[in-house]
Amino acid sequence: MSVTIKSVTDGAIQEAAAILRGGGLVVMPTETVYGLAANALDDMAVARIFEAKGRPQFNPLIVHVADAKQAQDLAVFDTRAKAMAEAFWPGPLTLILPRRADSPVSALVSAGLETLAVRCPAHPAAQALIRACGFPLAAPSANKSGEPSATTPKHAAESLGDSVQLILAAGACAIGLESTVLDLSGDTPVILRTGAISAEDLAPILGSVGYESGQTDKPKSPGMLLKHYAPTIPVRLKAVDVQPGEALLAFGSLKFMGVRGGGAAKDLPEGQCINLSENGDLTEAAARLFYALRELDRPEFKGIAVMDIPETGLGIAINDRLRRAAQGR
Ligand code: TXA
Ligand code: MG
């Protein structure tokens with residue numbers, strides 16, 4: 001058996017919804033990364049997600065809804081949460097909220113926590129699929145545990161193989177980084193995972209918002225463990241040259257980049273160098289980051305040298321993922 005990949009059509013959405021209704025798994029496109037979806041109300045279906053991802057332990061999953069109204073049946077929305085949904089949904093913002101006492105969501109989704117992560121994706125295919133199902137979808141990124149998130153149908157297929165029945169294909173994800181995870185379950189709002197929506201974006205509504213470092217042994221957001229995002233070969237950050245045998249993850253101009261022992265980075269063979277953005281555009285770089293890490297993660301390379309990326313705007317989230325990739329093996 002090999003996985004079926006289908007472009008998004010009404011027929012493919014109906015087929016995917018039928019698989020999900022039967023307790024199966026479907027890969028769906030979202031604006032951030034591809035998601036490995038299951039019926040969030042069905043314990044067995046949710047358990048299959050952990051099986052397919054090969055997760056070492058049960059990390060809590062994000063529940064995807066079609067709109068804020070659907071989310072309010074699952075979790076407790078205070079005025080802050082309502083304002084966030086109003087301002088940023090549909091979009092790349094996940095809210096951690098108290099579970100409702102009568103929440104129908106499988107306890108396995110929250111991995112035993114009293115809180116629930118909810119997100120309303122903006123991608124039309126994800127929207128159509130959730131509406132066709134009529135139930136919310138639990139969906140982590142569509143890759144094996146510990147690997148960079150899949151941002152193309154090809155990478156989802158390579159990573160998950162036969163453990164998923166259908167992949168809904170809609171090209172590369174527009175954002176390419178996972179959603180911002182904002183914890184609103186306590187008195188002070190905290191960003192547990194950086195993403196396309198920044199603390200500055202939230203500030204006009206929430207006031208100043210802090211970050212949880214996530215670099216500790218016991219991160220509050222278990223998915224933030226360092227080994228997540230790690231390729232199988234070493235990753236070297238802030239590289240100013242390329243060592244022999246290394247692949248290059250470039251950003252901006254290659255003009256001044258050399259290969260130690262002789263040669264120029266711009267002459268590296270095709271496949272050994274991927275430029276996240278030749279113009280130094282951080283949005284373009286974010287969208288290509290996980291794609292590039294996966295493409296360069298090949299045993300014939302000694303490692304991946306990564307050029308310096310500015311720590312501003314989306315660069316903050318990009319560097320966060322790259323630090324995990326560098327430290328997490
Ligand atoms: O962009 C995204 O968020 C993608 C797409 C598919 O929507 N999904 C995604 O899911 O990245 P996943 O499972 O790879 O990451 C979920 C993150 C993890 O860091 C997890 O620990 C955190 O959300 N999380 C989920 N539920 C939580 C909870 N109740 N409390 C704290 N953190 C939670
Ligand atoms: Mg993930």
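Reckoned from all heavy atoms, side chains included, excluding hydrogens, waters and symmetry mates. All of these numbers come straight from a predicted model, not from anything done at the bench. Numbers here simply count residues along the sequence, with the first being 1.
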Original post:
Given Leu322 and Leu249, is the side chain to side chain contact (heavy atoms under 4.5 Å, CB included) satisfied, shown in steps?
Top reply: CA-CA 11 Å; Leu322 283 170; Leu249 184 60; 4.1 Å; yes
Please assess Arg321 against Glu178 for the test salt bridge (charged side-chain N to carboxylate O under 4.0 Å, His left out), listing each intermediate value before the final yes or no. CA-CA 10 Å; Arg321 302 316 191 268; Glu178 307 86 350; 2.9 Å; yes
Stepwise side chain to side chain contact (heavy atoms under 4.5 Å, CB included) check, Cys273 with Lys266: CA-CA 8 Å; Cys273 172; Lys266 65 173 173 40; over 6 Å; no
- Message: The test is side chain to side chain contact (heavy atoms under 4.5 Å, CB included); show your working for Cys120 and Gln127 and say whether it passes.
- Response: CA-CA 8 Å; Cys120 176; Gln127 281 279 335; 3.5 Å; yes
Evaluation steps, side chain to side chain contact (heavy atoms under 4.5 Å, CB included), between Leu116 and Leu97:
CA-CA 5 Å; Leu116 195 64; Leu97 302 172; 5.8 Å; no
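Taking Ile, Leu, Val, Met, Phe, Trp and Tyr as members and joining any whose side-chain heavy atoms lie under 4.5 Å apart, directly or through other members, the hydrophobic cluster of Leu248 also contains Val242, Leu254, Met257, Val259, Leu268, Met307. Chaining together hydrophobic side chains whose heavy atoms lie under 4.5 Å apart leaves Val240 on its own.
The shortest side-chain heavy-atom distance between Asn143 and Phe290 does not fall under the 4.5 Å cut-off. Between Phe135 and Pro104, every side-chain heavy-atom pair lies at or beyond the 4.5 Å cut-off. Looking only at side-chain heavy atoms (C-beta outward), Val118 and Trp89 come within less than 4.5 Å of each other. Using a 4.5 Å heavy-atom threshold, the side chains of Pro121 and Thr32 count as separate. Two residues are said to be in side-chain contact when any heavy atoms from C-beta on lie closer than 4.5 Å; Glu31 and Pro92 meet this criterion. Here the side chains of His123 and Pro90 are not in contact, with every heavy-atom distance at 4.5 Å or above. A heavy-atom distance below 4.5 Å is not found between the side chains of Val3 and Val27. Inter-residue side-chain proximity for Asp201 and Leu93 is flagged as unmet; no heavy-atom pair is nearer than 4.5 Å.
Under the salt bridge (charged side-chain N to carboxylate O under 4.0 Å, His left out) criterion, Asp78 pairs with Arg80, sequence neighbours left out. Residues that satisfy the side-chain contact (heavy atoms from CB on, under 4.5 Å) test with Glu15, not counting sequence neighbours, are Lys6, Leu166. Under the side-chain contact (heavy atoms from CB on, under 4.5 Å) criterion, Thr94 pairs with Ile62, Ala117, Arg119, Ser179, Val181, not counting sequence neighbours. For Glu300, the side chain to side chain donor-acceptor pair (under 3.5 Å) test picks out Arg298, with sequence neighbours left out.
Minimum interatomic distance between Ser185 and Thr115 (heavy atoms only, all atoms of both residues): CB-CG2, 3.6 Å. Minimum heavy-atom separation, Ala305 to Glu246: CB-OE1, 3.3 Å. Residues Leu296 and Gly271 come closest through the heavy atom pair CD2-O, 3.5 Å. Between Val209 and Pro189, the closest heavy-atom pair is CG1-O, 3.7 Å. Nearest heavy atoms, Val46 versus Ala138: CG2-CB, 4.5 Å. Heavy atoms only, all atoms of each residue included: Glu200 and Tyr211 are closest at OE2-OH, 4.5 Å.
Here the straight-line distance linking atom CD1 of Ile309 with atom CG of Leu314 works out to 11.0 Å at 0.5 Å rounding. Separation of atoms NE2 (His155) and CD (Glu295) is listed at 4.0 Å; rounding is to 0.5 Å. To the nearest 0.5 Å, the span separating OG1 on Thr4 from CD on Gln165 amounts to 9.0 Å. Interatomic distance, Thr312 OG1 to Ile318 CD1, rounded to the nearest 0.5 Å: 9.0 Å. Going from atom CG of Leu113 over to atom CD1 of Ile96 covers 8.5 Å, rounded to the nearest 0.5 Å.
Taking the charged nitrogens against the carboxylate oxygens, Arg131 and Asp67 do have a contact shorter than 4.0 Å, which makes a salt bridge. With respect to the salt-bridge test (charged N to carboxylate O, under 4.0 angstrom), the residues Glu86 and Lys82 do not qualify. Look at Glu147 and Arg294 and you find a salt bridge, because one of the NZ, NE, NH1 or NH2 atoms lies within 4.0 Å of a carboxylate O, short of that distance.
Remark: the Asn279 side chain and the Ser277 side chain contain no N/O donor-acceptor pair separated by less than 3.5 Å. Side-chain contact check for Gln327 and Arg323: no donor-acceptor pair (N or O, by modelled atom type) lies under 3.5 Å.
In terms of hydrophobic clustering, with Ile, Leu, Val, Met, Phe, Trp and Tyr side chains grouped at heavy-atom distances under 4.5 Å, Ile316 and Leu282 are assigned to different clusters. Cluster annotation: Val65 and Val76 are assigned to distinct hydrophobic clusters (Ile/Leu/Val/Met/Phe/Trp/Tyr, side-chain heavy-atom contacts under 4.5 Å, transitive).
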